[in-house]
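Here's the structure, in structure tokens; my notes come after.
Because only heavy atoms are used, hydrogens play no part in the values below, and waters and symmetry mates are left out as well, while side chains stay in.
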Amino acid sequence: MIRAHKIRLHPTPEQANALARAAGVARFVWNWALAEWNRQYEAGEKPTALKLKKQFNEIRRVQFPWTWEVTKNASDQPFLDLGKAFTAFFEGKAKRPTFKSKKQNKASFYLANDQFEVGDHRLWVPKLGWVNMAENLRFKGRVTGARITKTADWWFVSLQVELPDAIPTKKPAAVGIDVGLNRLATLSAGEGVENQAFLKTALKKLRQANKRLHRRKPGSKNREKARRQVARLHYRITSLRDDVLHKLTTKLANCYGSIGIEDLNLKGLLKNRRLSRSFSDAALGKLLSLLGAKVEQRGGQVIKVGRFFPSSKTCHCCGWKWEAMTLKDRTFVCQNPSCPYFQFPQDRDQNASQNILREALHLIGLIDQVVSGIGSDEDVNLPADAG
């Protein structure tokens, strides 16, 4: 198991300048390799990452002597990264690699495990020396690599550590979760987590900062100051959102062994021009990915209920369906006279979470029958979204 610990660095002004030069070398090598790859590919040749690296080293000392001023990993790793990027592109898993811009792309470079050393609150970088870290490495194990990045005005190092696989402990508790915009998550156990909407809260400050940025003269020092202020605001919003998502997903993974959740069409939701900013602010995609990774790591399972399952329109007690229900209806009222909840107002999201839990447990039962071989003599009809 590979875990990463991201730690903030406190470099001196000279060290920060050296880190920026190393990131600049990595960006230049990536762009050079990508341009050469495209040229050779159009000429009918078959470029590879190792061939391009050998070609670059032959002309490096004469044409690009300034690349020797920083650690060699800054110029070696981009070739490997480009090779992986093209492999993923040809397999249909990613888009075609593009050129990196100094303004649009995050400054970063990679360090192999034999090119740095981690000490007490410090990191040793080749041709730079010891750089202060805000905290010690949290994990104990073999460090496999590090990537140094810059976000807003701050430098960070992400250390990858190889750890032994933890022994999962099974938890019998199960819960259904309904995610949304009014409430970030509503649990079938009765608990709700409000959507903090950090972007919406900071929108006024962001607008003012962006206006100040575009009024400054391009290339001036005042424009650079305004750009850094906008970057700091965006970083603060991201940090606050990540803090909420990590705390919520860790709590759920530690408390429940089976979690039912809707399989949302996130790309489709973001196409709604009225709600796209709100969905982006809630970061539902990151919530689902963090939840799946943490629950699986702790020996649990996340059961995805089909996106067309009418969880909000169905009464969790009797199964009566409210066909005419709209987004404005925030209270569910069952109209089945034989239902214990007849004409009793229920919270819409709470009712949906109960339905999601019931459907998830139903899917688990069907899947367990197939795996255990109970349905070997007779066909077991699984729903289309059970897999």
Side-chain angles (χ1 to χ4, degrees), residues 1-11 19 22-23 26 71-74 76-78 80-81 83-85 87-88 93-94 106 108-126 128 130-151 154-175 177 238-239 241-259 261 283 285-304:
M1 179 175 57
I2 302 294
R3 299 289 299 275
H5 187 191
K6 190 174 182 180
I7 305 173
R8 182 175 169 180
L9 299 175
H10 296 294
L19 294 175
T71 172
K72 68 175 186 177
N73 281 153
D76 291 346
Q77 188 64 27
L80 302 179
D81 293 340
K84 294 178 182 178
T87 300
K93 299 179 181 179
K106 184 183 296 185
S108 68
F109 64 96
Y110 179 82
L111 293 174
N113 60 348
D114 60 341
Q115 293 295 313
F116 68 94
E117 183 180 348
V118 180
D120 183 21
H121 281 85
R122 59 181 186 170
L123 174 75
W124 187 84
V125 181
L128 181 58
W130 291 102
V131 182
N132 179 264
M133 293 195 306
E135 58 180 314
N136 281 325
L137 182 60
R138 186 181 304 154
F139 308 119
K140 293 183 179 180
R142 189 176 73 89
V143 181
T144 60
R147 184 169 290 276
I148 296 178
T149 58
K150 185 180 182 182
T151 303
W154 302 288
W155 287 94
F156 297 87
V157 59
S158 180
L159 297 164
Q160 296 87 44
V161 185
E162 184 177 357
L163 301 174
D165 292 337
I167 300 176
T169 57
K170 290 194 174 183
K171 307 173 187 66
V175 69
I177 303 176
T238 303
S239 297
R241 184 188 297 121
D242 289 347
D243 181 67
V244 171
L245 294 179
H246 277 286
K247 288 179 178 177
L248 172 60
T249 52
T250 300
K251 179 181 178 181
L252 292 173
N254 289 334
C255 295
Y256 300 100
S258 298
I259 298 178
I261 198 165
K286 188 166 187 178
L287 171 64
L288 298 181
S289 62
L290 287 174
L291 185 62
K294 293 182 180 181
V295 171
E296 182 181 357
Q297 186 183 59
R298 288 162 174 80
Q301 58 180 336
V302 174
I303 306 99
K304 291 187 177 181

Checklist line | From Asp76 atom CG to Leu80 atom CG, the distance as rounded to the nearest 0.5 Å | finding: 7.5 Å
Check: Looking only at atom types and distance, does a side-chain atom of Thr250 sit under 3.5 Å from a main-chain N or O of Lys247, one as donor and one as acceptor?
Finding: no
Margin query: Do Lys294 and Lys251 make a side-chain contact, defined as non-hydrogen atoms from C-beta onward lying under 4.5 Å apart?
Written below: no
Note to self: For the backbone of Gly145 and the side chain of Asn113, can you confirm whether one donor and one acceptor N or O come within less than 3.5 Å of each other?
What the structure shows: no
Note to self: Nearest 0.5 Å, please: how far is CD1 in Ile177 from CG in Leu287?
What the structure shows: 7.5 Å
Next item on the list: Report yes if the side chains of Thr71 and Phe109 come closer than 4.5 Å at any heavy-atom pair, otherwise no.
Entry: yes
Check: How about Ile259 and Leu291: do any of their side-chain heavy atoms sit closer than 4.5 Å?
Finding: yes
Margin query: Can you list everything that forms a salt bridge (charged side-chain N to carboxylate O under 4.0 Å, His left out) with Glu296? Sequence neighbours excluded, please.
Written below: none
Margin query: Quick check: do Phe116 and Val125 have side-chain heavy atoms less than 4.5 Å from each other?
Written below: no
Donor-acceptor pairs under 3.5 Å, side chain of residues 155-162 to any protein atom, not counting sequence neighbours: which ones?
unit_1, atom_1, unit_2, atom_2, d
Gln160, OE1, Ala146, N, 3.4
Gln160, NE2, Ser158, O, 2.9
Glu162, OE1, Arg142, NE, 3.2
Glu162, OE1, Arg142, NH2, 2.8

Notebook entry, point to check: Which heavy atom of Gly292 sits nearest a heavy atom of Val302, and at what distance?
Noted result: CA-CG2, 4.0 Å
Check: Does the side chain of Lys150 reach to within under 4.5 Å of the side chain of Leu19, using non-hydrogen atoms?
Finding: no
Check: Hey, does the side chain of His10 reach the backbone of Met133 with a donor-acceptor pair shorter than 3.5 angstrom?
Finding: no
Next item on the list: Measure across Met1 and Gln297 and return the closest heavy-atom pair with its distance rounded to 0.1 Å.
Entry: SD-NE2, 3.1 Å
Margin query: Counting C-beta onward and ignoring hydrogens, is there a side-chain heavy-atom pair between Ile148 and Val131 closer than 4.5 Å?
Written below: no
Next item on the list: Please determine, by modelled atom types, if Asn73 and Gln77 share a side-chain donor-acceptor pair under 3.5 angstrom.
Entry: no
Next item on the list: Side-chain contact test, heavy atoms from C-beta onward, threshold under 4.5 Å: evaluate it for Ile7 versus His5 and give yes or no.
Entry: yes
Check: Nearest heavy-atom pair of Trp124 and Gln115: which atoms, and what distance?
Finding: CZ3-O, 4.0 Å
Item checked: Result of checking Val118, Asn132, Leu137, Leu128 against Leu123 for side chain to side chain contact (heavy atoms under 4.5 Å, CB included) -> Val118
